[in-house]
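Here is the naming used below: chain letters follow the sequence lines, and residue numbers restart at 1 for every chain. The shown structure was predicted, so the numbers you read here are calculated from the model rather than taken from an experiment.
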Number of protein chains: 2
Amino acid sequence: MARVVVDVMLKPEILDPQGQAVQRALPRLGFKGITDVRQGKRFELEVEEPVDDAALARINELAETFLANTVIEDFTVKVESQEAGK
Amino acid sequence: MARVVVDVMLKPEILDPQGQAVQRALPRLGFKGITDVRQGKRFELEVEEPVDDAALARINELAETFLANTVIEDFTVKVESQEAGK
C-alpha cells in the first residue's frame with residue numbers, strides 16, 4: 001500500500017474567483033499581509049501495490065486525463081508514503 | 001514573500017462522495033489497483049513577510065476558523081517556500 005497525492009491547481013494565468021473571495025475576506029476577518037490566495041484540489045489515492053515508475057506513469061496519465069483539466073489546470077503527482085515490504 | 005500551503009481533507013470517518021465517485025470511475029477507465037480516493041482542498045497563500053512562528057500561528061488560526069470546518073475536516077499547514085532576504 002502506498003499513498004499518492006495529486007494536487008490540481010488552476011494555472012497562474014487563469015482567474016481564480018474562489019481564491020480571490022477568500023483573499024478579500026481575510027482583512028475583514030483581521031488577517032493581514034496575505035497578498036494572494038489560490039484554491040485548488042487535492043486527491044489522495046491509496047494504491048494497492050508499491051508505486052514503481054510504471055505505476056507512477058499510469059497515475060500521471062490518470063491525473064492528466066481524468067483529475068485535471070489541463071487546458072486550465074496544472075497538476076503535480078507525488079508519492080507521500082511508500083509502505084515497507086516492497 | 002513566502003508561500004504557505006493549507007491542505008484541507010475530510011476526516012477519515014466522514015463519507016467522501018466526491019472521492020468515491022472518482023474511485024468507482026477508475027476501473028471503467030482502465031485504472032486498476034487504486035483502493036481508495038479522498039478529495040480535498042488545497043489553498044496556496046502568498047504571504048508578504050517571512051513566515052516566523054507568530055505568522056504561522058496566525059495562519060493556523062486562519063485555517064482553523066475560516067478555511068476548514070473542523071467538525072468534519074482536518075487541515076495541515078506547511079511553509080512551501082521561504083524566499084531569501086529574511
Side-chain angles (χ1 to χ4, degrees), chain A residues 1-12 16 18-52 54-68 73-76 78 80 83, chain B residues 1-12 16 18-52 54-68 73-76 78 80 83:
Chain A
M1 288 282 285
R3 169 174 293 175
V4 178
V5 173
V6 180
D7 287 321
V8 178
M9 299 300 290
L10 284 171
K11 288 181 195 274
D16 175 3
Q18 277 186 305
Q20 283 191 345
V22 171
Q23 196 224 323
R24 281 187 205 144
L26 294 178
R28 269 189 284 132
L29 295 163
F31 296 102
K32 297 201 170 68
I34 293 173
T35 55
D36 193 26
V37 177
R38 307 282 291 174
Q39 182 174 345
K41 286 176 279 187
R42 174 186 168 94
F43 296 90
E44 293 182 353
L45 313 178
E46 304 294 330
V47 185
E48 241 167 21
E49 290 142 39
V51 178
D52 52 15
L56 210 54
R58 285 182 57 70
I59 291 169
N60 256 293
E61 192 196 333
L62 181 166
E64 191 173 345
T65 55
F66 187 51
L67 300 180
E73 291 170 330
D74 289 326
F75 67 93
T76 58
K78 53 179 180 288
E80 206 180 69
E83 270 190 20
Chain B
M1 286 282 284
R3 170 174 294 176
V4 178
V5 173
V6 179
D7 288 321
V8 178
M9 301 298 293
L10 283 170
K11 286 180 195 274
D16 177 2
Q18 278 186 305
Q20 283 190 345
V22 172
Q23 197 225 320
R24 280 186 205 147
L26 293 179
R28 270 189 284 132
L29 296 163
F31 297 101
K32 297 199 170 67
I34 292 173
T35 54
D36 193 25
V37 177
R38 308 281 291 175
Q39 181 174 347
K41 285 175 280 185
R42 174 186 168 94
F43 296 90
E44 293 182 354
L45 313 179
E46 305 293 331
V47 184
E48 243 168 19
E49 290 141 38
V51 178
D52 51 16
L56 211 53
R58 285 183 58 71
I59 291 169
N60 255 295
E61 191 196 333
L62 181 166
E64 190 173 346
T65 54
F66 187 51
L67 301 180
E73 291 169 330
D74 289 326
F75 67 92
T76 58
K78 53 180 180 286
E80 207 179 69
E83 269 189 21

Who wins among B:Leu62, B:Leu67, B:Ile59, B:Leu45 for the most heavy-atom pairs under 4.5 Å with chain A? B:Leu62
Any side chain to side chain donor-acceptor pair (under 3.5 Å) involving residues 25-39 of chain B? Give me the pairs, sequence neighbours left out, ordered by first then second residue. none
Is it the side chain or the backbone of B:Phe66 that comes within 4.5 Å of chain A heavy atoms, both, or neither? side chain
Enter the distance from A:Met9:CE to A:Thr76:OG1 here, rounded to the nearest 0.5 Å. 9.5 Å
Among B:Glu61, B:Gln23, B:Arg58, B:Gln18, single out the residue with the greatest number of heavy-atom pairs under 4.5 Å to chain A. B:Arg58
With the side chain counted from C-beta on, respond yes when B:Asn60 and B:Phe75 share a heavy-atom pair under 4.5 Å apart, and no when they do not. yes
Would you mind listing every side chain to side chain donor-acceptor pair (under 3.5 Å) that reaches into residues 1-11 of chain B, with sequence neighbours excluded? A:Arg42-B:Asp7, B:Arg3-B:Glu46, B:Asp7-B:Lys78, B:Lys11-B:Asp74
Name the option with the most non-hydrogen atom pairs under 4.5 Å to chain A; the candidates are B:Ala2, B:Ala25, B:Gly40. B:Gly40
